[in-house]
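Accompanying notes for the structure given below.
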Amino acid sequence: MTGRDSPLQDDLHAVVVGAGFSGLYMLLRLRQLSLPAVALEEAADVGGTWYWNRYPGARCDIPTTDYTYSFDPEIEEAWSWSEKYATQPEILAYLGFVADRYDLRRDIRFSTCLVSAAWDDTDARWQVRTDRGDELRCHHLVMASGCLSLPKTPDIEGTGRFRGRVHFTSRWPHEEVDFAGRRVAVVGTGSSGIQVVPPIAEQASQLVVFQRTPNFSVPAHNGPPPEKRVQALHADRQAYRHAARWSRGGISYEMTDVSGVTATEDVRRQRFEQAIEAGELFSILGVFNDQVFNAVSNEHVSEMIRERIRRIVRDPETAEALCPKDYPFGTKRPCLDTDYFETFNLPHVRLIDLRKQPIVSVTEEGIDTTDESFVFDDIVYATGFDAMTGPLVNVDITGRHGITLKQKWAHGPSTYLGLATSGFPNFFTITGPGSPSVLSNMAVSIEQHVEWVADCLDFMRRKGFDTLEPTDTAEAGWNQHVLDCASITLHPQADSWYMGANVPGKPRVFLPYIGGVDAYRTACQEVVEKGYLGFQLSGPSAQQCNDGVVRRLQPDVSILLQMVEALGVPPIESLSVDDARALWRASAAMRPPPPEVGEVADGTLPGPAGDLAYRLYRPATAGPHPLMVYFHGGGWVLGDLDTDDALCRDLARRADVLVVSVGYRHAPEARFPAPVEDALAAVRWISANGVALGGMPETLAVAGWSAGANLAAVVCQIARDDGAPHIAGQLLLHPVTDSDLSRPSYREFADGYMLTTAMMDWFWEHYADPSRRADPRVAPLRGRLQGLPPAVVVTGEFDPLRDEGLAYAQALAAAGVPVEHICARGHVHTSITMVDVVLSGAPVRAQIAERIRHFMPATAPAPAPAAL
Ligand code: NA7
């Protein structure tokens with residue numbers, strides 16, 4: 001071990017903080033690069049979290065086949081795990097073995113804490129101080145200090161008063177703690193509590209478990225390492241590791257396409273039982289493909305877990321108290337257990353539900369709740385950690401301009417890739433907030449981060465750069481992406497430590513990156529391939545900054561695009577019109593069931609060349625309702641009432657309006673001006689018959705998507721010129737407003753974002769002769785815009801039609817028309833309309849519903865009941 005008193009070298013390339021899984025590997029990589037480095041470690045030996053959390057029952061909950069270093073096949077050969085989920089002593093021994101094998105201890109300063117680190121701009125170095133009085137300088141500071149390493153001080157009255165023995169699962173003594181014949185309290189029922197309860201129950205004469213929030217837990221089925229995994233690993237180690245590195249969670253498992261919403265009861269149970277049988281976290285987290293996003297799907301899994309608990313625990317009241325009910329499954333860290341629920345059937349074990357009888361105070365003898373006084377010999381606190389940000393902001397780290405990390409992150413962490421943060425040059429966080437970290441197999445995520453940092457330091461040295469720091473643009477973009485990913489899940493609903501909600505006063509922000517290890521790894525690689533995109537690099541003779549944002553698409557839009565690409569769907573413009581229509585209809589039919597509304601009724605109305613079909617969507621609320629005529633999209637060639645059904649339902653529900661979706665004639669059979677004539681006739685008829693349909697008088701607005709929005713805009717211009725019918729407002733979703741395809745968005749998003757420039761060409765070809773394309777009834781942007789009804793114009797950030805939509809909004813505003821422009825950030829042409837497929841579209845549609853209130857009055861209040 002590094003001698004405590006031998007002075008540390010003053011000028012190092014890197015200081016690594018921590019000697020757990022990440023610190024050890026970081027140190028090794030630095031040594032392999034011949035970059036002088038030292039690790040500072042608070043503990044007396046290596047191990048990190050596995051050094052401190054020595055409580056009985058402590059185990060990993062990722063199978064050991066995967067909870068292991070994979071960077072060196074030789075250590076994999078030399079070490080074999082004895083169990084599926086190894087105990088803490090075995091994992092600690094493993095880390096000791098790795099430290100020995102590479103002789104890492106000689107570069108680790110044990111029993112030494114980092115006290116402060118301050119960036120000195122003048123010599124581009126960190127000034128580091130330790131609690132042993134060391135003062136040293138280094139080029140790079142790497143925080144390998146763990147995500148769950150700073151225990152939370154239990155926020156319970158009187159904790160200092162207790163005269164018996166007190167233990168923290170997170171700081172367990174090295175000597176064995178004997179509970180035989182003792183009266184023991186365990187406070188906290190997270191992973192640690194759930195692991196420690198059964199072994200303590202085996203010894204104690206009395207055990208009382210104080211539970212504030214019940215936790216979802218499923219059996220670990222511990223035993224020998226899982227044969228299937230072991231075989232796969234031995235058959236092809238490289239392929240096995242590769243699959244894990246490119247998996248969603250850092251461990252390969254079979255992804256399902258079964259939705260919890262649409263699957264039959266039998267299939268749901270079968271999938272659940274398979275997951276229970278596997279006894280792995282990612283199996284139970286992946287029973288259905290939509291359980292992370294969809295409350296109904298999630299509730300199926302939740303309820304099946306509750307059913308298990310009720311079957312196991314004999315006392316119904318205890319069973320009910322152990323059933324989590326107020327947060328979706330998986331949004332608090334789920335647990336794997338060994339006989340946890342069974343333990344409550346033992347006569348000397350009791351559960352106290354703190355929701356019913358909260359703790360008043362810890363006393364000299366034990367614990368007082370509002371209802372009872374308990375006497376104990378031991379109290380075990382399993383009350384958790386100040387997770388992810390705690391270990392970083394509770395050290396005095398000062399970046400440029402004297403700003404501390406604590407100050408910068410006062411409202412929540414801000415990072416680029418969870419690896420670095422602007423204002424703090426040459427500062428790296430291994431598995432920091434904004435990276436998959438705690439949502440993944442940590443072993444895989446740690447290796448990926450360490451390798452990324454090592455490669456980066458190597459690159460800097462080779463290119464002569466001294467400093468590296470993310471730009472504000474890149475960091476803000478990443479923070480937004482991390483938030484976008486979390487926002488479409490159920491996670492924000494839970495008071496979890498993922499949300500920082502377990503520590504009073506901590507900002508409520510979803511801390512890890514939930515986009516997946518695979519997606520994250522791709523982003524990190526892309527950053528490097530694009531010349532360290534979003535990083536400012538500088539040195540004595542070189543500067544480099546390729547600024548930008550690595551992920552701008554909404555996460556579910558990005559997945560959708562990948563799926564479409566993988567399906568190899570032929571380009572619409574390569575098909576016959578009939579085949580294109582069939583494909584359009586088929587893709588709409590594949591979507592999940594549409595939302596319910598009060599009433600859906602089909603009818604016909606008279607058009608200029610025969611009857612036109614319409615479909616009416618009536619909200620469930622009491623009418624009459626404001627009236628909205630809707631025209632579907634599809635380039636005047638494709639689409640019908642069915643293809644835009646979900647969007648119409650969503651509009652009716654959210655905006656509380658009566659939507660009448662109108663089918664109009666299509667090109668090429670009925671080219672311009674036929675669709676315009678149909679649209680106009682429909683609006684006139686609905687205006688005349690609106691009250692009979694259940695609409696409020698004088699409230700008619702028009703709406704449409706894409707080519708449908710083109711028709712809506714054109715109808716508004718004609719109605720204004722004719723003086724009738726009165727149109728209260730226009731909602732234009734991704735509208736076609738011009739026939740000029742030379743705007744930049746047509747080039748920027750020409751291909752790969754659902755609607756392509758080639759497709760638009762094809763639509764135009766079918767719809768209108770080139771000689772007629774300047775007609776304002778074709779290209780409303782070329783018409784007179786004064787005196788038009790108020791408008792809400794929605795454009796997609798990644799839409800070839802973006803610029804013409806924006807141009808229309810600007811031109812309307814310039815003509816004095818009240819207009820609201822909504823830019824759907826990270827969206828493509830189709831995504832807002834894909835209700836229940838693209839979940840990130842929901843907030844945009846909510847915004848639309850709110851904005852159209854400006855021209856659509858609220859539904860009239862239901863008439864008061866007649867006085868008796
Ligand atoms: P957790 O998962 O944060 O669990 C802590 C538990 O302690 C949890 O049940 C808390 O209830 C409870 N707690 C915390 N403060 C109190 C007070 N004041 N009174 C009563 N109960 C309290 O930490 P763990 O150590 O179990 O697990 C951490 C991670 O380590 C784990 O997820 C794995 O990744 C490994 P609450 O839910 O806040 O109501």
Side-chain angles (χ1 to χ4, degrees), residues 259-263 288-300 328 487-490 492-493 554 556-557 559-560 584-603 613-623 625-634 639-663 693-695 701 703-706 708 731 733-734 792 794 822 824 827 830-853 856 858-859:
S259 151
V261 177
T262 55
F288 305 124
N289 66 354
D290 46 5
Q291 71 190 63
V292 185
F293 312 103
N294 187 294
V296 174
S297 174
N298 189 289
E299 178 55 20
H300 285 306
S487 300
I488 55 172
T489 72
L490 301 170
Q493 296 179 17
Q554 289 290 341
D556 46 0
V557 172
I559 292 169
L560 177 78
W584 196 258
R585 274 195 300 272
S587 64
M590 273 161 55
R591 295 183 197 163
E596 292 291 328
V597 286
E599 184 199 353
V600 178
D602 283 343
Y614 74 81
R615 184 170 295 163
L616 179 144
Y617 301 87
R618 196 185 309 284
T621 53
H625 297 93
L627 202 53
M628 178 171 265
V629 183
Y630 175 85
F631 300 109
H632 66 77
D640 53 34
L641 300 183
D642 291 334
T643 54
D644 290 30
D645 180 68
L647 176 67
C648 291
R649 286 166 183 262
D650 190 82
L651 261 176
R653 277 163 62 110
R654 281 183 197 279
D656 202 26
V657 296
L658 186 71
V659 175
V660 186
S661 174
V662 176
L693 291 172
W705 167 54
S706 193
L731 166 62
L733 301 166
H734 306 261
V792 171
V794 182
I822 298 173
H827 283 282
T830 50
S831 45
I832 296 303
T833 70
M834 299 179 82
V835 177
D836 287 346
V837 173
V838 177
L839 302 179
S840 59
V844 182
R845 291 194 305 275
Q847 210 183 345
I848 292 168
E850 193 251 323
R851 297 290 171 84
I852 59 176
R853 282 267 161 264
M856 302 287 280
T859 303

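Owing to the predicted nature of the structure, the values given are computational and were not obtained by experimental measurement. Residue indices begin at 1 and follow the sequence shown.
Looking at heavy atoms from C-beta onward, Cys648 lies out of side-chain contact with Arg615 at the 4.5 angstrom threshold. Residues Pro592 and Val837 meet the side-chain proximity criterion, which asks for heavy atoms closer than 4.5 Å.
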**OP:** Apply the test side chain to side chain contact (heavy atoms under 4.5 Å, CB included) to residues Leu560 and Asp556: give CA-CA distance (whole Å), side-chain angles for both, the deciding distance (0.1 Å), then the verdict.
**Re:** CA-CA 6 Å; Leu560 177 78; Asp556 46 0; over 6 Å; no
Original post:
Is there a side chain to side chain contact (heavy atoms under 4.5 Å, CB included) between Val659 and Val597 once you walk through the steps?
Top reply: CA-CA 11 Å; Val659 175; Val597 286; over 6 Å; no
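A donor-acceptor pair under 3.5 Å is absent between the side-chain atoms of Asp642 and the main chain of Asp645, judged by distance alone. Counting only distance, with no hydrogens or angles, the side chain of Arg649 and the backbone of Pro595 share a donor-acceptor pair below 3.5 Å. A donor-acceptor pair under 3.5 Å links the side-chain atoms of Arg845 to the main chain of Ile832, judged by distance alone. Judged by distance alone, the side chain of Arg653 and the main-chain N or O of Ala620 form no donor-acceptor pair under 3.5 Å.
Nearest heavy-atom pair across Arg618 and Leu693 is NH1-O, 2.7 Å. The two residues Pro619 and Ala652 come nearest to each other via the heavy atoms CG-O, 3.7 Å. Closest non-hydrogen pair, Leu651 versus Val657, comes out as O-CG2, 4.0 Å. Nearest heavy atom pair, residue Leu658 against residue Gly695, reads CD2-N, 3.7 Å. The two residues Ala655 and Ile852 make their nearest non-hydrogen contact at CB-CD1, 3.6 Å. Of all the heavy atoms in Ser831 and Val838, the pair that sits closest is O-CB, 3.6 Å.
Residues that satisfy the salt bridge (charged side-chain N to carboxylate O under 4.0 Å, His left out) test with Asp644, not counting sequence neighbours, are absent from this structure. Listed by chain and residue number, Ser259, Val261, Phe288, Asn294, Ser297 satisfy the side chain to side chain contact (heavy atoms under 4.5 Å, CB included) test with Asp290 (two or more places apart in sequence, or in another chain). For Phe293, the ring pair (Phe, Tyr, Trp, His ring centres under 6.0 Å) test picks out no residue, with sequence neighbours left out.
Here CE of Met856 is found 9.0 Å from CG of Leu731. Values are rounded to the nearest 0.5 Å. Between the CG atom in Asp656 and the NE2 atom in His625 there is a gap of 4.5 Å [rounded to 0.5 Å]. With values rounded to the nearest 0.5 angstrom, Leu647 atom CG is found 9.0 Å from Tyr617 atom OH. Atom NE2 of His827 sits about 12.0 Å away from atom CE of Met834, to the nearest 0.5 Å. One distance of note links CZ of Arg591 with CG of Asp836; it measures 10.5 Å at 0.5 Å rounding. Separation of atoms OG1 (Thr833) and CG (Leu733) is listed at 8.5 Å; rounding is to 0.5 Å.
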